[in-house]
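Here's the structure we're looking at; comments come further down.
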Amino acid sequence: MDDDWAVPADDLTPAQRAAVEHFEGPLLVLAGPGSGKTRVITRRIARLIERGVRPWEILAITFTNKAAREMAERVQSLLPGSRIWVSTFHRFCSRILRERGAAVGLQPNFSIFDTGDQQQLIKQVLHDLDFDASHFPPGKLLHRISQAKNELLTPENYALRYGEGIGTHLEAVVAKIYPLYQKRLLEANAVDFDDLLVHVAILLNDNDGLRNELDERYRFILVDEYQDTNKAQYQIVAALSQIQPNLCATGDPDQSIYGWRGARIENILRFEQDFPEVKSIRLEDNFRSTPEILKTADALIANNIHRKAKRLQTGNASGEPVEMRLYRDGQDEATGIANEIRALVEAGERQWKDFAVFYRVNSLSRTLETAFARLKIPFQVAGGVAFFERMEVKDLLSYLRLIENPLDRIAFLRVVNTPTRGIGKSSLERLTRWAASTGTSLLDAARQPGQVPDLPKKAAVQLRAFASLIDEFTDLMIGSRNSPRDEESLLDHEDVEELSEEGHAAVGLIERLLRAILQRTGYASQFTDDRDEVALARLSNIEELVSAARLYDVQESATEGGPTLTGFLETASLAQDIDSLDEATGAVTLMTLHAAKGLEFPVVYIIAVEQNLIPHERSLRENDPRQLEEERRLLFVGITRAEEKLVLTHTQRREMHGRSLSTIPSDFMHELIVTRKDHTGVDEFQFGDDTSSEFHDPDHDSIDQSSDLHHSEPAYERYPSVSDFSQKRKKTKGSLGIPGLEGLNLTTGAALQAGTNDAVELPKGFSVGMQVRHPRYGLGTVVDVSGMSRRRTLTVEFEVGDRRESFVESKCPLQPVGLR
DNA sequence: TAGGTGATTGTTTTT
DNA sequence: CAATCACCTA
């Protein structure tokens, strides 16, 4: 959707123009998919500025960082020099809290705890309260606490509502855990994701002065994706729109897909009651998709009962029918899609970046990734194992966190013995206990280990050394801040040389700090000894983190505040999966349906349209029609991302947790207007040499069973039996335990998995000289085999890049080439 | 104390 | 199949 800013307002529809031109007072824009909502918002902001509103009086909230960045750029390019602040709710709240958090007990350098940090913290709390973590899974407790926070329930109020004897057993436990959890967060000068919103909501609620000040300051507020705001976000927006009710909410109830994390679709539905003076505008013309795609989207969403009916119309030219394909299994599905994409690109019809593949759960990306890699198709994956959550990245970030916020006990415990310094579990236990009893922070306790009873001498020495190390880093940070161009004594020769080779670019604050940490802790050398895949991946992640730091340094040095540790850590904490996506990159995009919101692609595949995935098993459990409707909306969002071509797929069998299970078609299948194609009779090649022209176009063999299967059966009467999942698992489990099989190395673990119910497959039996293929490194030759049994190790020389790698046979993703 | 092993466990989606 | 965890040994 390219905006042509040169054209004034005559490229807008009447409805769009009305939204752009509306000046003061509340405005609700109900925007169907592809109706030019983003363009309306940017235009509107520009128009406000034209009318004399100061850029800093405008607050624009988007759903993603990426959208925020793009929106700021668009406004900038429309009205050069007008910098407006666009951000996500979480980022906005974080900024408020850095400035005004004292009232809720936060210092400006507070840490933001991610899910992993929360888990650690809740485990400590359970430990301290003598609860058994195995009986009260931390994840469940955290979920409850999160729900409570989303409802703005403080620990006290939660206890009042759900305390002993009032709620369920679990709730009673949460009522005990939650207060201490919250106390520990504040003691660590930290917040979790929910707190960012909750603290601000409470701040605004309790502090009229602050509320009025900010209300006046943000005269015009625009909130996108309003259908996905939760109670806290609602309250924040409402609090800032009292004196100046110039609130513009945009969104689409049919695209509300975050109910599970507290989003309230009602917020948008009742906007008109909340702001009686509201001007409401509906954008119903779709400029994105073909009529075929729109028709199937409309047919699907029409099955939602709790919904305001809406027209979806387009003047776009007719295109291909929407396809519903059946494959045999996930492998075939992935290979089939990969082959088709490759063929279309090679025929010159499409570019790689025209394609996107969506799936319901992240785990479905793996098969796709492997197939794409094998067929040498460039692709990018949104999310998956997020970069900032990788172990080595988190370790290094934890050093930074501890430097920034010495009270951050989670960060302390993470790095105090990383890399190992001989500070063991029991020493830390003693340290922690003493610190708690004296009210000392862990880092301060480590500075005076002599005070801690029963601490082994070695541990005491090491703790003191660790504390001085952190002090060193802190000095470095302060020093750098004051004189960023000083020569760094902590940098070793290599770094200095590297620097001078790169010219005179001064190393920025964060990069300098990271390099110092790496150098002084020897962190990276843990991985430099090994030459295995994992170690290499870790090293490259470290590299990537340093690059990210450098990028941040460079970008921020242009701003008034310059780079700060807080800023960098915040960027890392609030990073989103899709931030890293790059439209310009010539690659196919893989992502979850949730991540797809707000995006568009010429060709879209949605895979695994199967019962228990779409709709997801967990949304069927409680037999709650509202949850089912959210699943339907999720599929609706996916479908409406497609511009020209849409292919939905499902399979007969699907691998889950290493088991192959037969699938049930999605209930939504019958609600869609699609052309069905059967690809199960087709032999998709698996290990073929892809230099040959063995490509098999499935379409030529496929049977067009029927077109337009549009049943009108209501879906809600046919909930599936979910239980057979676990039953099947138990049944097959026993057959795997064939005694001695693995020890004799008759076969690999992977082959065993594949051949469970039928005959055990032949062993892979790699031998020297054999041609093999690796999903990432490509073709290679086995040059050495050593070790026995499960230690059996292969060394492979790859054709590309002079690469030589070793793998443990039972674990490596190598495939023999030329075997069937 | 560290590192490895075996066993058990789980599990949507994300800030 | 992972990731995590409790336990075991050097």
Side-chain angles (χ1 to χ4, degrees), chain A residues 63-65 87-94 112-116 118-119 123 133-134 137-140 143 146 149-150 191-198 228-230 232-233 257-263 358-364 366-367 382-386 388-389 391 417-428 456 458-459 462 526 570 572-579 591-597 608 612-621 627 630-631 633-635 637-638 655-660 725-726 729 733 736-737 742 749-750 752-754 790-791 811 813:
Chain A
F63 203 70
T64 67
N65 298 308
S87 80
T88 63
F89 262 111
H90 286 84
R91 217 170 260 279
F92 169 72
C93 290
S94 180
I112 299 173
F113 280 5
D114 71 10
T115 319
Q118 294 182 62
Q119 296 260 353
K123 278 181 202 159
S134 62
K140 268 210 175 84
H143 179 66
S146 175
K149 289 186 176 182
N150 283 328
V191 298
D192 62 24
F193 289 126
D194 299 315
D195 281 344
L196 286 169
L197 308 172
V198 173
D228 280 320
T229 51
N230 64 21
Q233 292 164 331
I257 55 176
Y258 283 95
W260 52 272
R261 68 173 205 210
F358 303 153
Y359 33 84
R360 178 64 229 266
V361 295
N362 279 305
S363 61
L364 286 167
R366 190 172 300 271
T367 321
V385 185
F388 288 110
E389 277 158 35
M391 185 247 283
N417 199 32
T418 314
T420 53
R421 319 185 152 86
I423 305 170
K425 211 178 149 193
S426 53
S427 297
L428 283 177
K458 187 185 164 213
Q462 292 289 61
Q526 300 175 87
E570 184 166 303
S573 300
L574 300 182
Q576 293 170 310
D577 290 340
I578 56 156
D579 291 347
M591 66 179 116
T592 63
L593 285 163
H594 282 89
K597 183 159 89 158
N612 297 325
L613 279 166
I614 315 178
H616 193 272
E617 179 196 0
R618 288 175 80 104
S619 65
L620 298 167
R621 281 248 163 94
Q627 284 191 45
E630 180 156 311
E631 294 289 306
R633 291 195 293 268
L634 188 57
L635 183 55
V637 166
E655 294 253 320
M656 291 213 84
H657 320 134
R659 287 280 83 78
S660 172
F725 260 63
S726 46
R729 242 177 110 190
K733 207 164 191 177
L736 263 179
E742 209 177 346
L752 244 185
Q753 296 284 0
R790 73 169 40 122
R791 291 275 172 76
K811 286 182 186 156

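Chain identifiers are assigned alphabetically (A, B, ...) following the order of the sequence lines, protein sequences preceding nucleic acid strands; residue numbering begins at 1 within each chain. What you are looking at is a predicted structure, and each value in this text was computed from that prediction instead of being measured.
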Task: A:H90 (side chain) donor-acceptor with A:L196 (main chain) under 3.5 angstrom - done: no
Task: Exam field: side chain A:E630 to backbone A:G259, donor-acceptor pair closer than 3.5 Å - done: yes
d([atom1], [X]; [atom2], [N]) in whole Å:
X      : N      : atom1 : atom2 : value
A:L364 : C:dC1  : CG    : C1'   : 13 Å
A:R421 : B:dG3  : CZ    : C1'   : 18 Å
A:F113 : B:dT15 : CZ    : C1'   : 16 Å
A:N362 : B:dT11 : CG    : C1'   : 11 Å
A:H143 : B:dT14 : NE2   : P     : 15 Å
A:L634 : B:dT14 : CG    : P     : 10 Å
A:R261 : B:dT14 : CZ    : P     : 9 Å
A:K597 : B:dT15 : NZ    : C1'   : 12 Å

Using a heavy-atom cut-off of 4.0 Å across all strands, would you classify [X] as base, sugar-phosphate, or nothing?
X      : result
A:T88  : nothing
A:K123 : sugar-phosphate
A:D114 : nothing
A:S363 : nothing

I'd like a table of atom pairs between the protein and nucleotides 7-10 of chain C - only N or O on both sides, under 3.5 Å - with the distance next to each one.
none

Open item on the list: What I want to check is whether the side chains of A:R261 and A:N230 have a donor and an acceptor closer together than 3.5 Å.
Closed with: no
Open item on the list: Under a 3.5 Å threshold, yes or no: a donor from one side chain and an acceptor from the other, between A:T64 and A:Q576?
Closed with: no
Task: Contact check, side chains of A:W260 and A:H616, non-hydrogen atoms, under 4.5 Å - done: no
Task: Centroid under 5.5 Å and tilt under 30°, A:F89 to B:dT15 - done: no
Task: Aromatic ring of A:H616 stacked on base six-ring of B:dT13, 5.5 Å, 30° - done: no
Looking at [options], which one has an atom nearest to any side-chain atom of [X]?
X      : options               : result
A:Y258 : C:dA2, B:dT14, B:dA2  : B:dT14
A:H90  : C:dA2, B:dT13, B:dT15 : B:dT15
A:V361 : C:dC1, B:dT15, B:dT13 : B:dT13
A:R366 : C:dA2, B:dA2, B:dT14  : C:dA2

Open item on the list: Measuring to OP1 and OP2 of B:dT15, would you say a side-chain N or O of A:T115 lies under 4.0 angstrom away?
Closed with: no
Task: Below 4.0 Å: OP1/OP2 of B:dT14 and any side-chain N or O of A:T592 - done: yes
Open item on the list: Applying side-chain hydrogen bond (donor to acceptor under 3.5 Å, both in side chains), can you list everything that pairs with A:Q118, at least two apart in sequence or on another chain?
Closed with: A:Y181
Task: Residues that A:S427 engages under side-chain hydrogen bond (donor to acceptor under 3.5 Å, both in side chains), provided they are two or more places apart - done: none
Task: Given DNA chain B, 5'-ward residue of the pair A:Q576 and A:I423, judged by closest heavy atom - done: A:I423
TODO: Specify the residue among A:S573 and A:G424 whose closest nucleotide of DNA chain B lies further upstream toward the 5′ end.
DONE: A:G424
Task: Closest non-hydrogen atom pair between A:N417 and A:G422, with its separation - done: OD1-N, 3.4 Å
Task: Nearest-angstrom distance, C1' atom, B:dT13 to C:dT4 - done: 22 Å
